Amino acid sequence: MPTPQGFFRSLSSLRGQLTLWFGGLSLLTLLSAGIYVGKIATQELATFGGLSLYSSARSAADLLATNLRERDTEIRLLRQSPFFMRGDLQGADMRRALQLRQQASREYAWIGVTDPQGRVLQATGGLLLGMDVSQRPWFQAARNGPHMGDVHEALLLAKLMPQQRTDEPARFIDFAAPILDDQGRLRGVLGAHVHWSRITQTVDSVVSQSSTQAKVEVLIADRAGNILYPYQQIGRLQLPARTGGLAQFETLRWNDGQDYLTSVVRVQAETSTDLGWQIVLRQPLAAALQPIETLRNRLLLLGLLMALVFAAIAYRFATRISRPIEQLVEAVRHVERRDAAPVYPAGDAVQEIGQLSRSIQSMTETLLEHEHALETLNATLEQQVAERTEALSQANQELERLATIDALTGLNNRRRFDSRLLESQQLLKRSGRGFGLILIDADHFKQINDSHGHQAGDEVLRQLGRLLGQCTRITDFVARYGGEEFVVLLPDLQSEAEGLAVAEKIRRAVADTRFPVVDHITVSLGLSCAHATDAAATEVLARADKALYTAKQLGRNRVVTL
């Protein structure tokens, strides 16, 4: 039995490679054909399934629209009958009329009449008689015209009517219209509650009869995509955003993490109120494409069988031409290991292999002569590369230092400060860690240059830079802002008082220090603390600059904060 090492060596041989290539190409050909056919079949199957979903959803939407329109029309016509416009709204005849209307349509759970103030005068089954419904949305809306309300759970009727289902609370759709007399004055409001379960049973029956596909689920969603039915999916599912616009169907990723073939149809009820309901039919994409998966598996099995047949044929063919080459490889290994005299294959069987053997013998001698020379040259080149890499690294470090350090004072320069200021602003937005800025300007510095010369002014700036480094905290960032202006960035500033303490320390230190040639100078300081509402770091810098300007106006040698 061959070892694993021997098996892999046989695969890398010529006969193994030819076997793999022939078997692989046959498998690839069949798989490519299968993928192509599968892709076309997938598209056709998805299109067929999507159109089937759309047809069922269209039928359900039309039936639901018809049902809602009939109930809405019934209420609007009923309230215009002479009996309601002129009759006794509290009489027994009114109750019998309401009872007959309820018996004519099983969808009605309750029909009642109220006075203009919202007190129930008469109702089917005597339910809610005398109760005040003036705060109910259907009553308030119907005072101004016919109204159809969205689905809602039962409130007043919940304890008065038998529970039709145990797995969900009773829910109704409201229909209501004002009752007007011959002069157009409001006599009362006619209201009706329709069983939501009757509506959904109608939709379910249409879908179950028209759709023959597996695992098709029917949903009812409102205008915003919130699920209204089934009850178990309320709050759990949300209709995804549609990418196809008015497309009849599309594949959508729902918030349960699965892809569904989905068809959405708007319910065009043409009722008093357009609720924007949508009939949604969805089918798991895996279920819709299950026949294609079966076909793809069969093609894969056929491809594997054909690959084995072609591989066996290729192996027999490769064996006849690979043996001389394997003998030549073994001879070259002896040359490489220098462990035995190489035995080259005879060139009678394959002329090209004999020519290759003689060429290899000649090349072996030449290569060994050049091997030592190449090793010596490689060692020299590696040393030169290492030396030049080190020199380049040092030069880059020096360039980086020169690009961020002010040459005169040795402090950080404006470029480095801008970078740190941006980092502080980003840290404030991300973690809420505040910071502050102190802008410092040497008072009457132009007079120093004019009276004592620029060399004296430069020395003042150098000593001023050293003072700033001594008076600030180790975590503070000090930079030369430009000319005689300096800036101190105060990270993790806890309060404005903390920043004022640092600024005042700087001001006193400068005022108490003797400077060469000019003796004493003063500085003006502007302090600003970052706010969480700052849109950019430039707003903090602008406040500090304004505070510095104010300090100058107030007489210099002082700290002003904004």
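Small disclaimer: the values here were computed from a predicted structure and weren't measured.
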I need the minimum non-hydrogen distance between [X] and [Y], along with the two atoms involved.
X: Y231; Y: P169; answer: CZ-CD, 3.3 Å
X: L64; Y: V203; answer: CB-CG2, 4.2 Å
X: R171; Y: L228; answer: NH2-O, 2.9 Å
X: L548; Y: E485; answer: CD2-OE2, 3.7 Å
X: A537; Y: L421; answer: CB-CG, 3.6 Å
X: L68; Y: F175; answer: O-CE2, 3.7 Å

With rounding to the nearest 0.5 angstrom, report the [atom1] to [atom2] distance, [X] to [Y].
X: L239; Y: N255; atom1: CG; atom2: CG; result: 9.5 Å
X: L562; Y: T550; atom1: CG; atom2: OG1; result: 5.5 Å
X: Q233; Y: I220; atom1: CD; atom2: CD1; result: 13.0 Å
X: Q268; Y: D274; atom1: CD; atom2: CG; result: 7.0 Å
X: K505; Y: L467; atom1: NZ; atom2: CG; result: 11.0 Å
X: L411; Y: R416; atom1: CG; atom2: CZ; result: 13.0 Å

How far apart are the C-alpha atoms of I506 and L468, what are their side-chain angles, what is the distance that settles it, and do they pass the side chain to side chain contact (heavy atoms under 4.5 Å, CB included) test? CA-CA 7 Å; I506 294 172; L468 292 178; 3.4 Å; yes
Has the side chain of [X] got a donor or acceptor atom that lies under 3.5 Å from a matching backbone atom of [Y]?
X: T271; Y: T273; answer: yes
X: S424; Y: R420; answer: yes
X: W110; Y: L127; answer: yes
X: R58; Y: V265; answer: no
X: R480; Y: L408; answer: no
X: S263; Y: Q248; answer: yes
X: D545; Y: L439; answer: no
X: Q238; Y: R236; answer: no
X: K429; Y: A532; answer: yes
X: S419; Y: R415; answer: no

Taking 4.0 angstrom as the limit, do R543 and D534 come out as a salt bridge? yes
So, D115 and R119, do they make that salt bridge, N to O below 4.0 Å? yes
Test item: [X] and [Y] side chains (from C-beta on) under 4.5 Å apart, heavy atoms:
X: Q135; Y: Q140; answer: yes
X: L493; Y: C529; answer: yes
X: R507; Y: E504; answer: yes
X: P178; Y: R79; answer: yes
X: E459; Y: F515; answer: no
X: D406; Y: F486; answer: no
X: V560; Y: Q553; answer: no
X: W138; Y: V189; answer: yes

Name the orientation class of the two ring planes belonging to F417 and Y481 (parallel below 30°, tilted from 30 to 60°, perpendicular beyond 60°).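 Rings of F417 and Y481: perpendicular, as their planes differ by over 60°.
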What is the ring orientation for H193 with F172, classed by angle as parallel under 30°, tilted 30 to 60°, or perpendicular over 60°?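 Rings of H193 and F172: parallel, as their planes differ by under 30°.
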Does the pair I199 and Y229 meet the rule for a side chain to side chain contact (heavy atoms under 4.5 Å, CB included), with working shown? CA-CA 10 Å; I199 300 295; Y229 172 81; over 6 Å; no
Step-by-step side chain to side chain contact (heavy atoms under 4.5 Å, CB included) determination, V460 to V518: CA-CA 8 Å; V460 168; V518 300; 3.7 Å; yes
Checking side-chain polar atoms at under 3.5 Å, does T251 have a donor or acceptor matched by the opposite partner on D259? no
Between S524 and D441, is there a side-chain donor-acceptor contact under 3.5 Å, judged purely by atom types and distance?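 On atom types as modelled, these side chains do not qualify, holding no pair under 3.5 Å.
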Report the residue from L490, T472, V478, V487 that forms a side-chain contact (heavy atoms from CB on, under 4.5 Å) with I438. L490
I need the single residue from T200, L281, V280 that forms a side-chain contact (heavy atoms from CB on, under 4.5 Å) with V218. Which is it?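 For V218, the side-chain contact (heavy atoms from CB on, under 4.5 Å) test succeeds with only one of T200, L281, V280, which is L281.
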Is the number of heavy atoms from other residues, nucleotides or ligands under 6.0 Å of K552 NZ greater than 12?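 More than 12 heavy atoms, drawn from other residues, nucleotides or ligands, come within 6.0 Å of this atom.
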State whether Y260 and R282 meet the cation-pi test: NZ (Lys) or CZ (Arg) under 6.0 Å from the six-membered ring centroid, and within 45° of the perpendicular axis.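 Flagged: R282 positioned over aromatic ring of Y260.
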Please determine whether side chain to side chain contact (heavy atoms under 4.5 Å, CB included) holds for the pair R514 and H520, giving the CA-CA distance in whole Å, both sets of side-chain angles, and the decisive distance to 0.1 Å. CA-CA 5 Å; R514 296 178 60 89; H520 287 283; 3.8 Å; yes
Tell me, with the steps shown, if D150 and R223 meet salt bridge (charged side-chain N to carboxylate O under 4.0 Å, His left out). CA-CA 11 Å; D150 213 331; R223 192 191 313 274; over 6 Å; no
